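Treat the numbers as computed from the prediction; the structure is a model and nothing was measured. Numbers restart at 1 for each chain; the letters A, B, ... are given by sequence-line order, proteins then strands.
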Number of protein chains: 2
Amino acid sequence: MKNITIGEAARKSGVKVPTIRYYEGIGLLREPSRSEGNQRSYEPADLNRLTFIRHARELGFEVEAIRTLLSLQDNPLQPCATADAIAKARLIEVEQRIRSLMALKAELEMMVEGCGHGRVDQCRVIEVLADHAQCTHHGH
Amino acid sequence: MKNITIGEAARKSGVKVPTIRYYEGIGLLREPSRSEGNQRSYEPADLNRLTFIRHARELGFEVEAIRTLLSLQDNPLQPCATADAIAKARLIEVEQRIRSLMALKAELEMMVEGCGHGRVDQCRVIEVLADHAQCTHHGH
DNA sequence: TCTTGCACCTCTAGCCACTAGAGGATGTAG
DNA sequence: CTACATCCTCTAGTGGCTAGAGGTGCAAGA
């Protein structure tokens with residue numbers, strides 16, 4: 001067997017050791033077999049699953065979404081509409097977040113550029129925060 | 001006096017009632033005076049402070065940063081370098097976040113476009129997640 | 001064989017910024 | 001005087017981990 005320890009699994013997957021145990025605890029990862037000394041022993045399939053999870057987390061999918069995606073991966077003959085819907089929903093979220101952050105960026109730039117490095121009572125940063133009416137972005 | 005209840009303060013500031021109490025608990029907002037029946041009674045200055053906080057939170061400043069910004073606002077004769085630094089740091093964070101989200105967006109678009117709405121075993125969404133090597137964005 | 005020292009184990013508690021809910025008091029309109 | 005919204009305090013929960021205490025397992029060097 002080429003089973004590996006949790007530390008090795010962490011190194012190879014890029015998921016930290018306590019996080020792996022956490023994923024096991026919430027049922028994202030199956031309980032691995034144990035060595036005689038009660039230490040977790042992972043198979044290559046577990047490593048793939050961990051890498052899948054890490055990648056999905058990096059893409060910002062929530063754990064519940066990942067749970068669904070993993071169960072789809074386990075049943076490859078099902079239609080992929082659900083996976084598609086999850087990815088599309090995430091895409092829309094990301095697009096909205098980008099738009100919102102662009103507005104924040106514009107407002108922050110205005111604050112920072114307007115700051116003459118004088119005293120607080122003339123500071124554009126504080127001023128804009130105190131008086132919302134001054135900000136160009138009225139969406140919020 | 002034109003003091004107002006917590007509910008009115010919530011309506012006027014856009015900060016929810018429990019959140020106002022939370023801000024008081026962590027010391028962002030001073031403890032207001034109380035009515036005979038022990039109910040909080042806010043002055044206009046408190047409302048300004050609440051609005052300041054809300055606006056800063058919307059811009060993504062952390063509570064600790066807001067604490068500093070508020071103390072600067074309370075001491076208007078100080079130099080505003082600290083306020084400027086906080087805003088600049090937040091701007092850099094926002095810019096990084098935008099860049100990262102753009103990369104995610106590209107990857108998600110690739111996944112979604114590649115999905116032929118067939119079965120999971122041919123699904124690009126699952127495939128890309130399972131095999132990180134397939135993704136164009138190798139930064140993560 | 002012994003010891004050193006790292007990696008592993010379980011368990012609990014903490015992080016951030018709230019949010020929810022229980023269980024009770026107050027304030028106001030009809 | 002009653003109904004009902006709003007207020008009060010307190011505790012616990014959210015998500016996705018992370019940190020630390022206190023103990024065990026294991027491989028390599030003396």
Exercise. Any ion pair linking Glu43(B) and Arg30(B) (charged N to carboxylate O, less than 4.0 Å)?
Worked result: yes

Exercise. In whole angstrom, what separates Glu8(A)'s CD from dA7(C)'s P?
Worked result: 12 Å

For this session: Can you tell me the distance, in whole Å, between the CD1 atom of Ile53(A) and the P atom of dG16(D)?
Result: 12 Å

Exercise. So with a 6.0 Å cut-off around CD of Gln78(B), is the heavy-atom count from everything else above 12?
Worked result: yes

Problem set entry | Audit row: Leu59(B), Leu129(A), side chain to side chain contact (heavy atoms under 4.5 Å, CB included) steps and yes/no | CA-CA 9 Å; Leu59(B) 289 168; Leu129(A) 284 170; 3.7 Å; yes

Exercise. Starting at CD of Glu93(A) and ending at C1' of dG15(D), how long is that distance when rounded to a whole Å?
Worked result: 14 Å

For this session: Name the residue closer to the 5' end of DNA chain C, choosing between Asn38(B) and Glu64(B) according to the nucleotide with the nearest heavy atom.
Result: Glu64(B)

For this session: For Glu36(A), answer base if it contacts any base atom (sugar-phosphate contacts may also be present), sugar-phosphate if it contacts only those atoms, and nothing otherwise; contact means non-hydrogen atoms under 4.0 Å.
Result: nothing

Exercise. Roughly how many Å is it from CG in Leu50(A) to P in dG16(D), rounded to a whole number?
Worked result: 16 Å

Exercise. Counting just side-chain N and O atoms, does Lys16(B) come under 4.0 Å of either OP1 or OP2 of dC18(C)?
Worked result: no

Exercise. Hey, does Ile26(B) reach any base, or is it just sugar-phosphate, or nothing, if we go heavy atoms under 4.0 Å?
Worked result: nothing

For this session: Write down the distance between CD1 (Ile4(A)) and C1' (dC8(C)), rounded to a whole number of angstrom.
Result: 14 Å

For this session: With heavy atoms under 4.0 Å as the rule, sort Arg34(B) into base, sugar-phosphate or nothing.
Result: sugar-phosphate

Exercise. How would you label the contact of Arg21(B) with the nucleic acid (heavy atoms, under 4.0 Å): base, sugar-phosphate, or nothing?
Worked result: base

Problem set entry | Leu28(B) CG to dA17(C) C1', straight-line distance once rounded to whole Å | 11 Å

Seminar exercise, completed: Note: for Phe61(A) and Gln39(A) on DNA chain D, the residue whose nearest nucleotide lies more 5' is Phe61(A)

Exercise. Under a 4.0 Å N-O cut-off, is there an ion pair linking Glu95(B) with Arg99(B)?
Worked result: no

For this session: Give the rounded distance in Å between these two atoms: CD of Glu24(A) and P of dG16(D).
Result: 18 Å

What donor-acceptor contacts under 3.5 angstrom involve side-chain atoms of residues 12-21 of chain A, with partners at least two apart or in another chain?
{"unit_1": "Ser13(A)", "atom_1": "OG", "unit_2": "Ala9(A)", "atom_2": "O", "d": "2.7"}
{"unit_1": "Ser13(A)", "atom_1": "OG", "unit_2": "Val15(A)", "atom_2": "N", "d": "3.1"}

Exercise. Phosphate oxygens OP1/OP2 of dT18(D): is one of them under 4.0 Å from a side-chain N or O of Thr19(A)?
Worked result: yes

Problem set entry | salt_bridge(Arg11(A), Glu8(A)) N-O dist < 4.0 Å | no

Exercise. Are Arg40(A) and dC9(C) close enough that a side-chain N or O sits under 4.0 Å from OP1 or OP2?
Worked result: yes

Exercise. Does a salt bridge link Glu24(B) with Arg40(B), judged by any charged N lying under 4.0 Å from a carboxylate O?
Worked result: yes

Problem set entry | Rounded (10°) bend between the five-pair end axes of the helix from dT1(C)-dA30(D) to dG30(C)-dC1(D) | 10°

Problem set entry | Side chain of Glu62(A) (C-beta onward), nearest among dG16(D), dT19(C), dC18(C) | dG16(D)

For this session: Starting at atom CD1 of Ile20(A), determine the distance to atom P of dT18(D), rounded to an integer number of angstrom.
Result: 12 Å

Exercise. Between Glu109(A) and Lys105(A), is the closest basic N to carboxylate O distance under 4.0 Å?
Worked result: yes

Exercise. At under 4.0 Å between heavy atoms, what does Tyr23(B) touch on the DNA or RNA strands: base, sugar-phosphate, or nothing?
Worked result: sugar-phosphate

Exercise. Given dG27(C), is OP1 or OP2 found less than 4.0 Å from the side-chain N or O atoms of Thr5(B)?
Worked result: no

